[in-house]
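Take a look at the structure below.
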Amino acid sequence: MTQMSPWHLCRKGADKKQAQKLVAVQHYANLCSSNSFREKNMSKDSQMRAAINQKLIEMGERERLKELLRAKLIECGWKDQLKAHCKDVIKEKGLEHVTVEDLVAEITPKGRALVPDSVKKELLQRIRAFLAQHSTL
């Protein structure tokens with residue numbers, strides 16, 4: 001079924017209210033897809049993230065979370081898996097042909113994928129609990 005503009009609907013004898021609703025929906029869709037709308041929402045998101053990050057840093061919680069993450073990743077074998085992957089990449093490409101930037105670009109997606117869901121959930125729970133205690137944001 002092809003989508004008709006509100007003006008086509010009016011010419012075809014459609015209900016005027018239906019045409020007005022369609023105009024409103026199209027206007028809203030255009031508004032939501034506009035760069036300024038997305039930028040405002042991303043701006044709010046980035047401001048909120050910055051405020052949360054600042055609070056985590058000020059209270060020393062960020063360092064505690066980083067230490068917890070390091071310990072959990074070592075405990076579950078993530079560090080060893082990633083180290084082995086690095087060695088494989090270097091063997092495959094040759095030591096002379098791999099830069100640090102290439103290695104980071106190659107291993108980052110796998111490194112993120114290898115983080116166990118349980119570790120992600122625990123960190124998220126800790127962040128939520130911290131924010132609940134310090135809910136002045």
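No experiment lies behind these values; they were computed from the predicted model shown.
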Single-linkage hydrophobic cluster V104~L73, side-chain heavy atoms < 4.5 angstrom: no
Same apolar cluster (I L V M F W Y, side chains within < 4.5 Å links), V100/L95: no
Point-to-point distance, once rounded to the nearest 0.5 Å, from CG of L56 to CD of E63: 11.0 Å
K55/E61 salt bridge by N-O under 4.0 Å criterion: no
pair K93-V98: side-chain heavy atoms closer than 4.5 Å: yes
Separation between CG of N53 and CZ of R62, rounded to the nearest 0.5 Å: 4.5 Å
same_hphob_cluster(I57, M48) at 4.5 Å side-chain heavy-atom cutoff: no
Heavy-atom pair of closest approach, residues I107 and C86: CD1-SG, 3.5 Å
Distance in Å, E106 CD paired with D102 CG, rounded so as to fall on 0.5 Å steps: 8.5 Å
Interatomic distance, L65 atom CG to L123 atom CG [nearest 0.5 angstrom]: 6.0 Å
Value rounded to 0.5 Å, distance of CD in E92 from NE2 in H97: 12.5 Å
Approximate separation, where rounding is to 0.5 Å, of W78 CH2 and R112 CZ: 10.5 Å
Listed partners of E67 passing salt bridge (Lys or Arg N to Asp or Glu O under 4.0 Å), at least two apart: R70
L68-I74 co-clustered via ILVMFWY side chain contacts under 4.5 Å: no
Heavy-atom neighbours of K120 NZ exceed 12 at 6.0 Å: yes
H85 side chain to Q81 backbone, donor-acceptor under 3.5 Å: no
